[in-house]
Amino acid sequence: MNALEKVVDACRADPQNGATRRLGGDIVDPITLAGITAVALNEGVRFLYEQAGEILRSHRERRAVTTLLPPEVFEAPAGELVAEPDVVTELESELRLLRRDLGEYGQGVDLVDPRDTEVLALVDGLRRTLEAIYGAPIAFRGETRPEGTRVRGGVEVKEVRGYVAGVRAAVGSAASGDIAGRVQADSVEPGGRAIGVDLGDGPV
């Protein structure tokens, strides 16, 4: 499973579960980055990449992280963005994978082609992950984004002995959209939990 699929699915099972799983899910919103100029897109990717690294370093060192979006690239919200440590913990593995997959672009070795939908999907995945961590939208100048995000996820297991969720994600207070998840299990053992959607505040 690549990094984008991990963010989209946000599906995790307790390591004690020990079940064979098949994960599935997709973001059905269109990728809205294709209309951004190549210059702005590449500057934005480098910024997002650097932010991901700073968040991971600061999280390891237990330091607070704040940032300002560069107004020449992004629609700047009022005030500083502040990373939420609990959300960083929740999404750390996804953040690491997306940063790794975009390393050549983030370091300026390669340039992002606005026509490359596969790379744009990774950029959008990193952007969405940072939005969850900062609890604020990160929109490129001139970008038109839908008001909400639609996420679908699912997991199939033979038996549940620990915890499993069809979709598990940390959602900021400013987030909106339509999220649906499903779990199909042959059996749920005593003490096991099978949840369709877990947004961090309890199952939906």
Side-chain angles (χ1 to χ4, degrees), residues 1-12 22-57 67-77 81 83 87-88 90-154 167 169-172 174-180:
M1 177 182 293
N2 63 33
L4 177 61
E5 289 170 336
K6 286 179 66 62
V7 170
V8 171
D9 291 332
C11 294
R12 295 177 181 169
R22 182 174 65 81
L23 304 180
D26 62 324
I27 294 176
V28 295
D29 285 333
I31 300 298
T32 58
L33 298 175
I36 308 302
T37 67
V39 172
L41 183 59
N42 280 280
E43 289 180 359
V45 169
R46 286 192 287 272
F47 175 81
L48 297 175
Y49 177 84
E50 291 169 0
Q51 283 300 299
E54 178 60 23
I55 287 171
L56 291 169
R57 283 189 296 271
T67 191
L68 290 170
L69 297 180
E72 65 276 12
V73 179
F74 297 100
E75 299 288 349
L81 301 183
V87 183
V88 178
E90 175 72 19
L91 298 178
E92 181 178 356
S93 61
E94 287 87 344
L95 186 63
R96 286 185 180 278
L97 285 168
L98 284 162
R99 184 175 184 273
R100 183 198 67 187
D101 287 352
L102 287 169
E104 298 298 287
Y105 304 99
Q107 298 175 54
V109 176
D110 293 325
L111 296 178
V112 177
D113 184 343
R115 298 167 297 181
D116 190 332
T117 56
E118 183 175 346
V119 175
L120 291 185
L122 288 170
V123 175
D124 193 50
L126 178 58
R127 183 254 297 270
R128 289 174 186 266
T129 303
L130 292 175
E131 285 180 326
I133 289 171
Y134 284 121
I138 301 176
F140 283 79
R141 282 198 169 277
E143 179 185 13
T144 301
R145 301 181 71 187
E147 293 184 359
T149 298
R150 298 179 62 200
V151 178
R152 297 292 183 271
V167 173
V171 178
S176 64
D178 176 18
I179 302 176

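Heavy atoms only: backbone and side chains are in, while hydrogens, waters and symmetry mates are out. Note that the structure is a prediction, hence the values are computed from the model and not measured.
Heavy-atom minimum distance, I133 versus V87: CA-CG1, 3.8 Å. Contact record, E94 with E90: OE1-O, 3.8 Å, taken as the closest heavy-atom pair. Shortest non-hydrogen contact noted between F140 and E75 is O-CG, 3.8 Å.
When the salt bridge (charged side-chain N to carboxylate O under 4.0 Å, His left out) test is applied to E54, the partners found at least two apart in sequence or on another chain are R57, R63. Residues satisfying the salt bridge (charged side-chain N to carboxylate O under 4.0 Å, His left out) criterion with D113, sequence neighbours excluded, are R115. Residues forming a side chain to side chain contact (heavy atoms under 4.5 Å, CB included) with L56 (at least two apart in sequence, or on another chain): E92, L95, R96, R99. Considering only residues two or more places apart in sequence or on other chains, Y105 meets the ring pair (Phe, Tyr, Trp, His ring centres under 6.0 Å) condition with none of them.
Of the candidates L69, L126, V73, L69 is the only one forming a side-chain contact (heavy atoms from CB on, under 4.5 Å) with I138.
Listed for the R141 side chain is a donor-acceptor partner under 3.5 Å among the backbone atoms of P71.
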Please report, to 0.1 Å, the donor-acceptor pairs under 3.5 Å made by any side chain of residues 34-41, with sequence neighbours excluded.
| residue | atom | partner | partner atom | Å |
| --- | --- | --- | --- | --- |
| T37 | OG1 | A40 | N | 3.3 |

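Annotation: side-chain hydrogen bond (donor to acceptor under 3.5 Å, both in side chains) contacts involving residues 38-50, sequence neighbours excluded, comprise Y49-Q107.
Within the 4.5 Å cutoff, the side chain of L48 has heavy atoms near those of the F74 side chain.
Note that CG of L97 and CG of L91 are 11.5 Å apart. Values are rounded to the nearest 0.5 Å.
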